[in-house]
Structures are given as C-alpha cells and as structure tokens.
Amino acid sequence: MTASTLRVGNASGFYGDRFDAMREMLTGGPLDVLTGDYLAELTMLILGRDRLKDPNAGYARTFLRQLEECLGLAHERGVRIVANAGGLNPAGLADAVRTLADRLGIPVRVAHVEGDDRTAAHPDSLAAHAYLGGFGIAQCLRAGADVVVTGRVTDAALVTGPAAAHFGWAPTQYDRLAGAVVAGHVLECGAQATGGNYAFFGEGGAVRPGFPVAELHEDGSSVITKHPGTGGLVDVGTVTAQLLYETAGARYAGPDTTARLDTVRLTREGRDRVRIDGVRGEAPPPTLKVGVNRLGGFRNEVVFVLTGLEIESKAALVRQQMRAALAESRPARIDWDLVRTDRPDAPTEETASALLRLVVRDPVQEKVGRALSAAAVELALSSYPGFHVLAPPGRGAPYGVFEAARVPQDAVDHVAVLHDGRRVPVPAPRDTAALDAVPEPPLPEPLPPGPVRRAPLGLVAGARSGDKGGDANVGVWARTDDAWRWLAHELTADRFRELIPESRDLPVTRHTLPNLRALNFVVAGILGEGVAAQARFDPQAKALGEWLRSRHLDIPEVLL
C-alpha cells in the first residue's frame, strides 16, 4: 500500500448485521478507515419509536457494543472509524463513545455530523431526515477525528467523506467524487459485494462471506477486494449485482455529485479483485432527498393453514365466517391473500398445505385488535377440516409509512462538530444541475435466429432487487456478450410485466446500462406505502429478482 491509496473497509450493511464483523475487519488485514452502515428507511422508523420512549435514545446501540470490544484494536492499528450509527441522535452517540473511551482508557478523538434532522418541518412525522453528503465527514477527519458518527447521510458518503479528506478533493472534482460514490455504493451493503445474496451463490463459498474493502486511488478509481482468507468471492458479477441494487437509471444522484452509472467500467484484476474506473460525475441536483417516516396506524395478521383437498372452498368458508367480525370492527383496510404452496399427492403435510393470510389495518388499534383476533380463534372447532393457524393472533401492532420529500441543498444546516467542540458549517454545493434522464443508449445487435428452448431466465442472467419507499427495482445482468445481445432485446418492460403479473397494472420503467450488460427495472408502487407498512408478502422486494429469474422464456439454445 502507498500514500496514494486509501483502504476503506465495511463492517455493517444494516442495523443487525454480523456483530463480529468489526473485529474481523480490524484483525483480518490492513485498513485505513472502517465504515459501518446502520441505517435504512425502516431503521429510521425503529429509532424514531425508540426515541419516543427515551429522548436520549435514537442511535444504533449495537455500534457501541462493537466498539467496547474493538475501539482499542482500531486505536492500536491507526484505523479511523466512520459510521452513520448516530441515526436520529448523532450528538448523543458521540457523547456515548467518549464516555466509553474514557472508561476504557483509550485516547480517541470523537466528532459527529449533524443538520440532517428535518422533523420540525414535517410536524406530522415521527422522523424526517435529509440525506447529507460526505464533506461534513471530511471536515471531521481533516481536523484529526479518530471516530466520526453521523445521522442520515447517504450510504456512499461514508466513503466519499474519507476519500475527500485523504486526497484533498475539492467539491467540484465530480469525476473523482463519483468514483468514490460508486465504490461506496458497492461497499454499503457489506457482504452483498462478496457473494452474499448472490444469484450464483454456489460459485462463491456463501456460507460465511467476508466483508468488502475498497482500495481507493487519487483519480477516483478503486479496486474492490476483501481480506485474504475470508469466505465468499469478489468478481465482476458480485460487484455488478451490488451496483444495480436500489438504483434506477444512468444518473445516480447524491448530495456531492451525480455519478453516471453508464460510464462505470469493471475489470477483473485477479482473484477477488475487481477494478472500477472510468466513472464520470456531474454537478449534484439542487435538492436533497428527505426520508419522512410517519406512523400509519395499526395492523394485525392471521395466517390460516389450509391442508389437502378443496383449498379454494376452505378459503371461501373462512372468509365467510370472518365476515361478521370484520363488518363489526370495520377496519379501514382488509386484505385477503391465498398463497398456493400446496402440491397434489404431497409427501409431507407442509407441502400439502396452502396459506390464507388476513391482514387488517386501521388508525385505531381497537379496530384491528383483540376482538378481531378472538373471532379468528373462535373458529378453531367450527370451521374447515384441519383448522389451524401459524401463530396466535395478537392485539395489533403499529406500522409505519415512508415517503420521500425534497429540500433545497442550501436550506439544510450541514455542520461538522469537531472533536474539540468547534462547529464548522459545511456549505451547500456551489453548482448544481437538474436531474434529467439520460437518453436510452443503442442496443447491441440481436443474436441471429436459431433454435430455442423453454427454460428459466436465471440460467443466463443474474438479478438483484430491493426497495425504495413504495417502489422496487430489479437489476438484471447478462454474464456473456451473447447473452446480453439476447437479453437487451427480449426483456422489455412489457415482457417484464408478463413475467411478473403483480406489475401488470403498475408503471414499469426500463433503464439500459450496456457497460454492465445490465437492465434495471423500476416498478412504481408495488410496495404500497413502503416496507414498514408490510403491505406485501415480500415487503422489501428482496426476492423479486429471484422470482423473475425463475420464470420461463424461450431462450436460444446457444446460450444454454
């Protein structure tokens, strides 16, 4: 390693990720900076509810427990730690880290970033926070901080901040910043870049994948790798999968720069090493995204297990029997969903059974509470043969609603609070640019006609999917040039709707990324009011891509 390289590792992709990862990353190989991403849309709601019970809460307590074991290690090895674990209370977490360090006798300098809290501007919300960029983090590091904790920054800011501090980048060096944004996006979900949740998981030792490392260079290029001897793999496929995760079109907007995903080049540089270069950046948009979390009301769920013959008739009987209770309680929303997991002549009881889900929602807890649950339980001896439910119904639990708002960049008081208490304002970008769609690029030449075979899409393409509020994205990539020539012409937005019937009445937008041999589909509204509302069987659309890969098409035999 040289001074011209900054080695940044990741030890957390979400609140609840592998607890031992921080120690593994500090002891597994050399690092300059260790990052941790603890926040997601759902996490902010959870932390908001924590803060209702305790005004001093609102941050990821797991991070503190990890530091109890690892702060000394980081200090001995000269590794700086940057994490967004501050959540709704970064100042509170910074104080807690100082208290911990004093108790352990470790002389570390702790700073934090604030200014993301917009809850006062959304008085009906539980938590509303703007997604800040990386220059507040950079200010803290330049002033000598050993630990920097933030609230709601973009996930990639955990990397752009250290890179800007280390290399001295100016806010207008968009290409270099964009390179760091892309590297940060690859790192942010931890082991998803090293074989975790990978479409071709059988190729990479997915039992216990290691966490990723980015070797960043002054020109904005990077190499994605992992510590030697750790599980999983890093190859062009795993990096592509993570690049497509929770993105949309060619322009990937952030507070510091808009990265052009259509310029990304991926090159295998050796075992578990993938180079990222060629990334172009543009001025950021004039506004910041604000994640607004509200309490949507209360929900309750009963799952009836229907086994054997006459599944549809059994489901109809339950619905008829529950009608009176539902009419009496009158919840605002009632959803029935019959999931046909049963098979004829099944060798096990589980495979002979289907699931009938009843989900009710209302602003008033009593309308979805004990009375409704009791009505379901009372059917136990007077309904369909084989009656049972997966779990006893409860009294109704609160659920959240997420929406995205925008705020002008210069309306947010982005502040770096240095380890010595000084407060340094972080100015808004001098130049901004409206976020316009990039014209669709030309498609490759189609494959010549030839024999085809009906087969699953996943034999020739990988996919990864995820959530953004009420929308979902599904990134699909081809593994060879010939497969890309077929995929680019075959998997249109209309064909996507055919393969995913749930999307047929929803807006589906296709984005083409030829450098990655990839298509990215955004399905608007498929997740309703967001993950916290739990309106769907797979509320975060994590498996939507795998469902798509399991669907059958006429695939050219030359690809199989």
Side-chain angles (χ1 to χ4, degrees), residues 1 5 7-14 17-18 20-31 34-37 155-156 159 182-217 221-247 261 264-277 456-466 474-481 483-484 513 515-518 542-543 545-546 549:
M1 306 303 295
T5 301
R7 192 174 176 98
V8 181
N10 170 284
S12 175
F14 69 100
D17 208 345
R18 190 191 307 166
D20 292 338
M22 185 177 287
R23 176 177 289 276
E24 291 170 9
M25 291 301 290
L26 288 170
T27 59
L31 287 177
L34 183 60
T35 66
D37 180 9
D155 301 337
V159 174
V182 170
H185 180 56
V186 174
L187 292 193
E188 71 185 54
C189 288
Q192 278 198 171
T194 57
N197 299 357
Y198 185 44
F200 306 103
F201 62 94
E203 299 176 3
V207 175
R208 190 179 173 86
F211 277 65
V213 175
E215 298 171 0
L216 288 139
H217 305 293
S221 66
S222 63
V223 172
I224 306 299
T225 184
K226 61 187 184 68
H227 283 331
T230 56
L233 82 161
V234 176
D235 68 9
V236 170
T238 65
V239 175
T240 298
Q242 180 56 29
L243 276 177
L244 296 173
Y245 183 64
E246 295 182 348
T247 61
L261 297 182
V264 176
R265 288 196 303 257
L266 303 180
T267 309
R268 185 177 184 272
E269 199 179 64
R271 181 176 178 179
D272 293 321
R273 294 180 62 84
V274 173
R275 173 170 292 279
I276 301 175
D277 62 12
L457 173 63
L459 295 184
V460 295
R464 175 161 295 159
S465 55
V474 184
V476 185
W477 77 95
R479 308 186 82 186
T480 66
D481 288 339
W484 168 239
L513 300 167
N515 273 17
L516 301 176
R517 295 191 300 224
K542 298 297 188 185
E546 285 302 290
R549 292 182 68 240

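- In this structure, Leu243 and Leu266 have side chains that are in contact, with non-hydrogen atoms separated by less than 4.5 Å.
- Gly545 and Val474 make their closest contact through CA-CG1, 3.8 Å (heavy atoms, listed as atom of the first residue, atom of the second, distance).
- Atom CG of residue Asn10 and atom CE of residue Met22 lie 10.0 Å apart, to the nearest 0.5 angstrom.
- Across all non-hydrogen atoms, the minimal contact from Gly210 to Ala191 is O-CB, 3.8 Å.
- Looking at Thr27, its side chain does come within 3.5 Å of a backbone N or O of Arg23 through a donor-acceptor pair.
- Shortest non-hydrogen contact noted between Gly195 and Thr238 is N-CG2, 4.0 Å.
- Two residues are said to be in side-chain contact when any heavy atoms from C-beta on lie closer than 4.5 Å; Val213 and Met25 meet this criterion.
- Arg549 places a side-chain N or O within 3.5 Å of a backbone atom of Ala461 that can act as its donor or acceptor partner.
- Going from atom NZ of Lys542 over to atom CG of Asn197 covers 8.0 Å, rounded to the nearest 0.5 Å.
- The side chain to side chain contact (heavy atoms under 4.5 Å, CB included) check on Thr230 picks up Lys226, His227, with sequence neighbours excluded.
- Looking at every heavy atom in both residues, Cys189 comes nearest to Tyr245 through SG-CE2, 3.5 Å.
- Two residues are said to be in side-chain contact when any heavy atoms from C-beta on lie closer than 4.5 Å; Gln242 and Ile224 fail this criterion.
- Heavy atoms only, all atoms of each residue included: Pro212 and Leu187 are closest at CB-CD2, 3.6 Å.
- Between Val223 and Arg273, the closest side-chain pair of non-hydrogen atoms falls below 4.5 Å.
- Exactly one residue among Asn515, Leu513, Val182 makes a side chain to side chain contact (heavy atoms under 4.5 Å, CB included) with Val264. That residue is Val182.
- When every heavy atom of Ala183 is checked against every heavy atom of Leu216, the shortest pair comes out as CB-CD2, 3.9 Å.
- Atom CZ of residue Arg7 and atom OG1 of residue Thr225 lie 6.0 Å apart, to the nearest 0.5 angstrom.
- Partners of Phe14 according to the ring-ring contact (aromatic ring centres under 6.0 Å, His included) rule, which considers only residues two or more places apart in sequence or in another chain, do not exist here.
- Leu233 contributes atom CG, which lies 8.0 Å from atom OG1 of Thr194 (distance to the nearest 0.5 angstrom).
- Note that the NE2 atom of His185 and the CD1 atom of Ile276 stand 10.0 Å from one another [nearest 0.5 Å].
- Ring-plane geometry between Tyr198 and Trp477 is classed as parallel, the angle between the planes falling under 30 degrees on a 0 to 90 degree scale with a further cut at 60.
- Between Arg18 and Pro209 the shortest side-chain heavy-atom distance falls below 4.5 Å.
- The backbone N or O of Asp37 lies less than 3.5 Å from a partner atom in the side chain of Ser12, making a donor-acceptor pair.
- A salt bridge between Arg268 and Asp235 is absent, with no side-chain N of the basic residue lying under 4.0 Å from a carboxylate O of the acidic one.
- Expressed to the nearest 0.5 Å, how far OG1 of Thr35 lies from CD of Glu188 amounts to 10.0 Å.
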